[in-house]
Amino acid sequence: TIMLYGASGSIPVRFLDELGIYRVPMLVHRRNMDAPAVWLPAPRPDADDVMGKQVLSRMNAIRSSYIARCLVRARFKAVNHRLSVAPMVWQRFNRLRQVDAVRQFEARWAKRYWKQYFDELGAPDLHRRDDNPISAALNACSFFLYGIGLRWVLVHRLSPQHGFLHRPTTYPSLIYDLIEPYRYVSEQAVECAVTDLGPASDELTESALTHIRRLMETTVYVPTTRQYVRRKNLLHGSVLALRAWLLGDMPRFVIPEEGSKIGGRPVKVSYTLPGSRNPHTIH
């Protein structure tokens with residue numbers, strides 16, 4: 001994939017022809033642009049209809065609730081240092097078979113999580129839904145993640161409007177689904193900004209965006225694929241994981257998560273994260 005980020009100029013038609021011949025997608029994107037322009041080669045006649053499978057899975061209560069559970073579980077697993085969910089609670093959660101029930105579970109535990117988060121940031125009187133500098137910075141960082149996720153959802157021919165956990169089709173709900181497991185990066189960026197400036201600073205959003213750019217460029221280890229990649233590639237990986245599950249390449253929706261090297265056999269997945277790095281060259 002070629003991405004022109006903040007670029008200007010002209011592109012010859014012959015170059016576009018060669019993109020089609022070699023089947024290379026191209027995106028044109030820049031800051032403060034709600035959606036990238038995407039150039040995709042026409043699908044092959046025998047190509048899988050991934051968008052059709054996405055919509056059909058979304059209409060199926062069992063399949064859609066399964067994806068919703070995976071997303072919520074990954075979301076809270078990533079922040080268990082701040083809010084620990086008991087194994088017995090997860091056992092009950094795993095039996096949920098309706099998306100609405102999964103959403104209600106997420107809402108209850110998110111309320112507890114945000115109280116703990118604001119308390120730790122020294123702002124116990126503030127709330128996530130309120131108009132305050134911390135919430136504004138969190139929203140800005142979420143939109144930063146959204147922009148990255150949207151690129152790859154479009155490149156892999158999924159429908160941004162048809163989410164599983166976030167159900168309305170009036171906005172790109174699938175993007176907000178797939179950034180759910182990585183919201184902890186936004187929260188960490190805002191936490192760094194609060195440490196630098198305090199919870200009431202007018203410059204909190206700008207500082208948080210600086211921190212999230214740094215965090216997304218940081219190299220992490222992904223046990224699922226046994227790779228070192230920049231953290232931003234996890235967002236691309238979540239799209240690849242969903243696509244593989246929809247097409248039946250994997251029996252489970254395995255979301256790539258950062259972690260440490262562990263022994264034993266890894267979970268079998270059919271995708272590889274882009275941007276694999278050699279650990280010996282990482283500084």
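Along the sequence shown, residues carry numbers from 1.
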I'd like to know if the side chain of [X] reaches the main chain of [Y], judged simply by a donor and an acceptor atom lying under 3.5 Å from each other, with no hydrogens or angles considered.
X: Ser173; Y: Pro168; value: yes
X: Tyr176; Y: Gly163; value: no
X: Asp48; Y: Val50; value: no
X: Arg97; Y: Asn94; value: yes
X: Asn132; Y: His127; value: yes
X: Arg58; Y: Ser64; value: no

Minimum heavy-atom separation for [X] to [Y], with atom names?
X: Ile255; Y: Cys70; result: CD1-O, 3.7 Å
X: Tyr113; Y: Leu83; result: CB-CD2, 3.7 Å
X: Pro133; Y: Pro199; result: CB-O, 3.8 Å
X: Cys192; Y: Arg214; result: SG-NH2, 3.9 Å
X: Leu246; Y: Ser57; result: CD2-OG, 3.5 Å
X: Pro256; Y: Ala241; result: CD-CB, 4.3 Å

Give the cluster check for [X] versus [Y]: same hydrophobic cluster or not, with ILVMFWY residues linked at side-chain heavy-atom distances below 4.5 Å.
X: Leu4; Y: Leu40; value: no
X: Val153; Y: Trp39; value: no
X: Val99; Y: Leu242; value: no
X: Met51; Y: Leu174; value: no
X: Ile21; Y: Met26; value: yes

Under a 4.5 Å cut-off applied to non-hydrogen side-chain atoms, are [X] and [Y] in contact?
X: Ile148; Y: Met216; result: yes
X: Trp109; Y: Val72; result: no
X: Phe15; Y: Ile2; result: yes
X: Trp114; Y: Arg129; result: no
X: Val190; Y: Tyr117; result: yes
X: His211; Y: Gln188; result: no
X: Leu96; Y: Ser65; result: no
X: Leu165; Y: Asp177; result: yes

Taking atom [atom1] of [X] as the centre, does the number of heavy atoms from other residues, nucleotides or ligands within less than 6.0 Å exceed 12?
X: Asp17; atom1: CG; answer: yes
X: Gln161; atom1: CD; answer: yes
X: Asn80; atom1: CG; answer: yes
X: Glu203; atom1: CD; answer: no
X: Arg23; atom1: CZ; answer: yes

Practice task
Measure from NZ or CZ of Arg151 to the centre of the six-membered ring of Tyr5 and say whether it is under 6.0 Å with the direction within 45° of the ring axis.
Solution key: no

Exercise for the section: Assess Arg63 against Trp245: is NZ or CZ under 6.0 Å from the centre of the six-membered ring, and within 45 degrees of the ring's axis? Expected result: yes

Handout entry: Step-by-step side chain to side chain contact (heavy atoms under 4.5 Å, CB included) determination, Leu121 to Glu191
Key = CA-CA 7 Å; Leu121 263 59; Glu191 188 174 1; 4.0 Å; yes

Could you state the interatomic distance from [atom1] ([X]) to [atom2] ([Y]), rounded to the nearest 0.5 Å?
X: Ser270; Y: Arg243; atom1: OG; atom2: CZ; value: 9.5 Å
X: Leu235; Y: Leu178; atom1: CG; atom2: CG; value: 8.5 Å
X: Leu247; Y: Gln54; atom1: CG; atom2: CD; value: 11.0 Å
X: Trp152; Y: Leu240; atom1: CH2; atom2: CG; value: 9.0 Å
X: Ile175; Y: Ser238; atom1: CD1; atom2: OG; value: 9.0 Å
X: Leu16; Y: Arg14; atom1: CG; atom2: CZ; value: 12.5 Å

Exercise for the section: Using distance alone, with no hydrogens and no angle criterion, decide if Ser142 and Arg183 have a side-chain donor and acceptor under 3.5 Å apart. Expected result: yes

Exercise for the section: Please report the C-alpha distance between Lys115 and Asp119 in whole Å, then the side-chain angles of each, then the deciding distance to 0.1 Å, and finally whether the salt bridge (charged side-chain N to carboxylate O under 4.0 Å, His left out) criterion is met. Expected result: CA-CA 6 Å; Lys115 184 181 185 309; Asp119 284 351; 3.1 Å; yes

Exercise for the section: Decide yes or no on side chain to side chain contact (heavy atoms under 4.5 Å, CB included) for Tyr271 and Met250, but give the supporting numbers first. Expected result: CA-CA 9 Å; Tyr271 63 87; Met250 296 192 308; 3.8 Å; yes

Handout entry: Sole candidate of Arg82, Arg128, Arg75 that passes salt bridge (Lys or Arg N to Asp or Glu O under 4.0 Å) when paired with Glu187
Key = Arg75

Problem - With Glu258, the salt bridge (Lys or Arg N to Asp or Glu O under 4.0 Å) member among Arg230, Lys77, Lys232, Arg231 - result: Arg231

Practice task
Classify the ring geometry between Tyr182 and Tyr184 as parallel (under 30°), tilted (30 to 60°) or perpendicular (over 60°).
Solution key: tilted

Exercise for the section: Please test Tyr146 against Leu150 for side chain to side chain contact (heavy atoms under 4.5 Å, CB included), starting from the C-alpha separation and ending with a verdict. Expected result: CA-CA 6 Å; Tyr146 163 90; Leu150 179 61; 3.8 Å; yes

